[in-house]
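Below: one structure, written as structure tokens.
Keep in mind it's a predicted model, so treat the numbers as computed, not measured. Residue numbers begin at 1 in each chain, while the letters A, B, ... track the order of the sequences.
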2 protein chains.
Amino acid sequence: MSGRDVLIVEDDEAIATGLSLNLRLAGHRPTVARDGDEALARVDAADFDMVLLDINLPRRNGLEVLQAIRASDNVVPVIVVSARDGETDKVAALRLGADDYVTKPFALAELLARIDAVLRRAQPAHAGDAAPVATGDVLTFSDVTIDLAQRTVTRGGTPVKLTHLEFELLVFFVRHPSQVFARARLLAQVWGQNAGSPRTVDNFVGQLRKRFEDDPEDPRHFVTVRGSGYRFDP
Amino acid sequence: MSGRDVLIVEDDEAIATGLSLNLRLAGHRPTVARDGDEALARVDAADFDMVLLDINLPRRNGLEVLQAIRASDNVVPVIVVSARDGETDKVAALRLGADDYVTKPFALAELLARIDAVLRRAQPAHAGDAAPVATGDVLTFSDVTIDLAQRTVTRGGTPVKLTHLEFELLVFFVRHPSQVFARARLLAQVWGQNAGSPRTVDNFVGQLRKRFEDDPEDPRHFVTVRGSGYRFDP
DNA sequence: GGACTTCTGTCAGGATCCGGTCATGGCCCG
DNA sequence: CGGGCCATGACCGGATCCTGACAGAAGTCC
């Protein structure tokens, strides 16, 4: 897809430049407006393919800006960004003709996906140039299913109870299959800075084996690599 | 969340009825199409929340169907199911705008999890393009009914009194089911920028439990995910 | 093959962290 | 001034986690 012209209306410097950078990476041509007046001026001046509109703005509320845009019969797609998930804001924005609504803090990937979706809807894209597409937030191996959003795990359809760190370790393993990790590395990656003793890792691997190996004595997924650490094989 | 309309495109009778049955058990409303032409006709005719699309089809290849769906600017979520594990198919499917990809033979639990994930992801976007919302918009779960316009809540027909923030939190949960949220995230989303202490969230969740759980000691809807936050299960 | 060394699996005690609950106090609005 | 509403901190019980010890397995060297 050849890039599109996107207007970012955002007064927070950090967010604005961050978004700008990412949109450029995605192949678009972003422009930034710092407040409501500037936004309206730019929308009138140039022909944008879409507008990313923060609600909290100096000089003019984002909703006012949206209203002004639509009042001038401009149908440019608008995604409204707000810090609050409040009912009123959302309903108001959609009523005023917003195309989508995102609340801060947003996952960057989500926002980019929505931008793509809105652009795609607004202007039918040609068949080969679709975006990378996110894959589901579900991980699997063998008969085990991990739902990251729900933070639930099932094995053969029946739910498995895991503690916080057990879950984290499991996810790390499944995301890095067939790779040997030293205990120290696992401590750093999963436990974070204040790492504990290497013995801790053993305990947790033991738990995972108890819960996911057919025969915990003879593990096929959570394999010990003597002298080096552990490896996960799907 | 009330069930969703799912179109199953699958020529194998046994698989089709099996999936259909399971989706119905999961609370959705499945429809089956036997070949590519029928699939396209049904997609055009009705408004599905997602499509489960087999690649090997009589009359038309699944990828052709997907291409046709996207060509008509339809952004309905699509999960592609294929017997072949080929990378090429997968890449092609994702390029054409598939939302996820599963290879046969699949674990039923995995497929169901992926369907849930895709529906979950699609939900907010749909709220956006699915019309003005506004008056008469009602959310429900279990025997609870939430009237957004009136800002009233009833449980089993009898009205429940909620404070402002209790209502906002409830709506947020019901709008984002089966997803774990950290306290900080809830504070940001529901309370707004000037977030308070995490303890506040506990108190409000406690209130919701008192009002909507049959047994507040053993909550089934407003679930604690120790170490991570809270999750709402309808 | 046998003995020594090194490493890993396991267990249980105790420290620690986390979440539910309650009470207090501020705030806003009537 | 009074009454909801909301934020905060303290407290407690319980889940979870860390650690050290020990035994047994695996590897090594002769």
Side-chain angles (χ1 to χ4, degrees), chain A residues 84 86 151 153 160-170 172-173 180-232, chain B residues 151 153 159-173 180-232:
Chain A
R84 274 184 64 125
R151 276 188 96 87
V153 180
V160 179
K161 254 188 85 179
L162 291 183
T163 70
H164 182 67
L165 282 177
E166 285 164 7
F167 185 86
E168 293 292 330
L169 180 62
L170 173 66
F172 180 82
F173 270 134
V180 179
F181 292 100
R183 278 159 242 268
R185 180 81 195 285
L186 291 172
L187 279 172
Q189 293 282 334
V190 177
W191 274 256
Q193 313 260 348
N194 44 355
S197 95
R199 229 86 288 269
T200 302
V201 179
D202 295 337
N203 279 305
F204 277 81
V205 171
Q207 287 301 318
L208 292 184
R209 291 211 254 243
K210 262 191 210 155
R211 301 191 149 117
F212 298 110
E213 295 284 1
D214 289 331
D215 178 10
E217 310 278 307
D218 175 29
R220 284 170 40 216
H221 297 301
F222 303 94
V223 184
T224 300
V225 181
R226 196 185 163 81
S228 304
Y230 295 100
R231 170 165 47 85
F232 168 74
Chain B
R151 284 188 84 87
V153 180
V160 179
K161 253 189 84 179
L162 290 183
T163 71
H164 179 69
L165 281 177
E166 284 164 9
F167 184 85
E168 290 292 334
L169 181 61
L170 173 66
V171 168
F172 180 82
F173 271 134
V180 175
F181 293 98
R183 278 159 242 270
R185 180 83 195 283
L186 291 172
L187 280 171
Q189 296 281 108
V190 177
W191 273 256
Q193 312 224 322
N194 44 356
S197 100
R199 228 85 286 268
T200 301
V201 179
D202 294 338
N203 281 306
F204 277 80
V205 171
Q207 287 302 316
L208 292 183
R209 291 213 254 244
K210 262 190 211 155
R211 304 197 146 112
F212 298 110
E213 295 284 0
D214 289 330
D215 177 9
E217 310 278 308
D218 176 29
R220 283 171 41 217
H221 297 302
F222 302 94
V223 183
T224 300
V225 182
R226 177 168 251 266
S228 301
Y230 294 100
R231 168 162 48 86
F232 168 74

### Task
Compare side-chain N and O positions of B/Tyr230 against OP1 and OP2 of C/dG20 and report whether any pair is under 4.0 Å apart.
yes

### Axis bend over the full length of the helix from C/dG1-D/dC30 to C/dG30-D/dC1, computed from five pairs that close each end, to 10 degrees
40°

### Message
Are A/Leu186 and A/Phe204 packed together at the side-chain level, in the sense that at least one heavy-atom pair is separated by less than 4.5 angstrom?
### Response
no

### Task
Ignoring backbone atoms, test whether B/Thr224 places a side-chain nitrogen or oxygen under 4.0 Å from the OP1 or OP2 oxygen of C/dC18.
no

### Sub-4.5 Å side-chain heavy-atom contact between A/Arg209 and A/Thr224
yes

### Phosphate OP1/OP2 of C/dC18: any B/Arg183 side-chain N/O under 4.0 Å
no

### Summary
Nearest heavy-atom contact between A/Val180 and A/Ser228 is CG1-CB, 3.9 Å

### Task
Give the rounded distance in Å between these two atoms: CD of B/Glu213 and P of C/dT21.
11 Å

### Message
Is the ring pair B/Phe173/B/Phe222 parallel, tilted or perpendicular, if the boundaries are 30 and 60 degrees?
### Response
perpendicular

### Task
Could you please spell out the steps behind the side chain to side chain contact (heavy atoms under 4.5 Å, CB included) verdict for A/Val223 and A/Phe232?
CA-CA 6 Å; A/Val223 184; A/Phe232 168 74; over 6 Å; no

### Task
Please say which of A/Arg151, A/Arg211, A/Lys161 ends up in a salt bridge (charged side-chain N to carboxylate O under 4.0 Å, His left out) with A/Glu166.
A/Arg211

### Task
Specify the separation, in whole Å, of atom CG of A/Asp202 and atom P of C/dC7.
12 Å

### Query
Just how far is it from atom CZ of B/Arg226 to atom CG of A/Leu162, taken to the nearest 0.5 Å?
14.5 Å

### Query
Tell me: CG of B/Asp218 to P of C/dG19, nearest whole Å?
18 Å

### Message
Test your reading of the model: is there a side-chain donor-acceptor pair from B/Arg231 to the backbone of B/Val225, 3.5 Å cut-off?
### Response
no

### Message
Rounding to an integer number of Å, can you tell me how far B/Gln207 CD sits from C/dC22 C1'?
### Response
12 Å

### Query
If you take all heavy atoms of A/Arg183 and A/Tyr230, which pair is closest and at what distance?
NH1-OH, 3.1 Å

### Message
I'd like to know if the side chain of B/Glu213 and the backbone of B/Arg220 have a donor-acceptor N/O pair within less than 3.5 Å.
### Response
yes

### Task
Calculate the interatomic distance between A/Asp215 atom CG and C/dG9 atom C1'; express it in whole Å.
14 Å

#### Entry: Per-nucleotide protein contact string for nucleotides 24-30 of chain C (B base, S sugar-phosphate only, - none; heavy atom under 4.0 Å)
-------

### Query
Within less than 4.0 Å of OP1 or OP2 of C/dG20, is there a side-chain N or O belonging to B/Arg209?
yes

### Query
Atom CZ of B/Phe167 and atom C1' of D/dC5: how far apart are they, to the nearest Å?
17 Å

## Note on the structure
Given protein heavy atoms under 4.0 Å, the one-letter contact record of nucleotides 17-30 of chain D, with B base, S sugar-phosphate only and - none, is simply SSBBB---BBS---

#### Entry: Close side-chain approach of A/Phe167 and A/Val160, heavy atoms under 4.5 Å
no

